[in-house]
Visitor: 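The structure is given below, and queries will be raised subsequently.
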Amino acid sequence: MSIAIENFVKAIYKNDKNNSNDTKPGNIAKKLGISNAAATDMAKKLAQKELLHYEKYQELRLTEKGTKMALNVVRKHRLWESLLFKMFDMSLHEIHRESELLEHQTSDFLADKISAYLGNPKFDPHGDPIPNANGEITTTDTSTALSKTEEGKTYIISRLMSDDKEFFDFCAQHGLKYGNTLVVSKQFSKNKMTQLLINNNTILLNEDFTSIIYVNEMNDKDQ
């Protein structure tokens, strides 16, 4: 399949998993930087290939075949991110950017070799789950958005759901990394802001950030 097709089904899959986005052609077009007309034409083409279901004005839904393709691309992307992060200590934005290119040039054979070399990881450096060779995600997501956390509790950062360079730069500067702990000191519900304590520093974040930073509550066994 072409790179354009792989990117299209991957965009549908990722938007479907992100509650803040839907999968109508217009939203997929925005994500991929193409026109609405081009997205609609691609959707109709892929419906004929039985990769998705298309109905005018409705959200796009991947078929089993389309989902398997999307997960295969996602697997390769996240494996490359894990390898680049381990070998070269590149930033989260840099590993994402390079993996966007490498994912399309990677055979299933090479993906399996990378996975085995890394010890078959279940999560990439952003905290995103890595599908296995059968296109299955075997982990259970129990995380919650930082915006929905409770005051006074301690959490572990489990996922950074973005591909924006400025977001990752900010996170790196303030210790907001996968696996780090933080304390939610105040929720400003009216203004949709969260105050937290991390690395002995107090940070105030708005909902643009707290809706894409996911955490798990820290329990006794994590301490």
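Side chains are part of it too, since the values below use all heavy atoms of this structure and drop only hydrogens, waters and symmetry mates.
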Visitor: Would you say Gln187 and Thr194 are linked by a side-chain donor-acceptor pair, where the criterion is simply a distance under 3.5 Å?
Guide: yes
Visitor: With the 4.5 Å side-chain cut-off for hydrophobic clustering, are Ile28 and Tyr57 part of the same group?
Guide: no
Visitor: Could you tell me the separation between the NE2 atom of His126 and the CD1 atom of Ile212, rounded to the nearest 0.5 Å?
Guide: 11.0 Å
Visitor: Could you pull out the closest heavy-atom pair between Asp163 and Phe168, with the gap in Å?
Guide: CA-CE1, 3.7 Å
Visitor: With side-chain hydrogen bond (donor to acceptor under 3.5 Å, both in side chains) as the test, would you mind laying out the steps for Asn7 and His104 before giving the verdict?
Guide: CA-CA 9 Å; Asn7 280 335; His104 303 293; 3.0 Å; yes
Visitor: Can Ser147 and Lys192 be counted as having a side-chain donor-acceptor contact under 3.5 angstrom?
Guide: no
Visitor: Please determine if Glu103 and Lys10 form a salt bridge, counting it only when a charged side-chain N lies under 4.0 Å from a carboxylate O.
Guide: yes
Visitor: Is it true that, when you exclude Lys86 itself, more than 12 heavy atoms of the residues, nucleotides or ligands shown sit nearer than 6.0 Å to its NZ?
Guide: yes
Visitor: Mind listing the closest non-hydrogen atom pair of Thr23 and Asp16 along with its distance?
Guide: CG2-N, 3.8 Å
Visitor: In chain order, what residues pass the ring-ring contact (aromatic ring centres under 6.0 Å, His included) check against His93, with sequence neighbours excluded?
Guide: none
Visitor: Near Phe188 CZ, under 6.0 Å, is it more than 12 heavy atoms from other residues, nucleotides or ligands?
Guide: yes
Visitor: Asn216 and side-chain hydrogen bond (donor to acceptor under 3.5 Å, both in side chains): which single residue from Thr144, Thr142, Asp141 fits?
Guide: Thr142
Visitor: Got more than 12 heavy atoms from elsewhere within 6.0 Å of CD, Glu50?
Guide: no
Visitor: Report the residue from Asp128, Asp108, Asp112 that forms a salt bridge (Lys or Arg N to Asp or Glu O under 4.0 Å) with Arg75.
Guide: Asp112
Visitor: Looking just at side-chain N and O atoms, do Glu151 and Ser185 make a donor-acceptor pair shorter than 3.5 Å?
Guide: no
Visitor: Quick one: is the NZ or CZ of Lys165 closer than 6.0 Å to the six-membered ring centre of Phe170, and within 45° of its axis?
Guide: no
Visitor: Do you know which two heavy atoms are closest between Tyr54 and Ala47, and how far apart they sit?
Guide: CB-CB, 4.0 Å
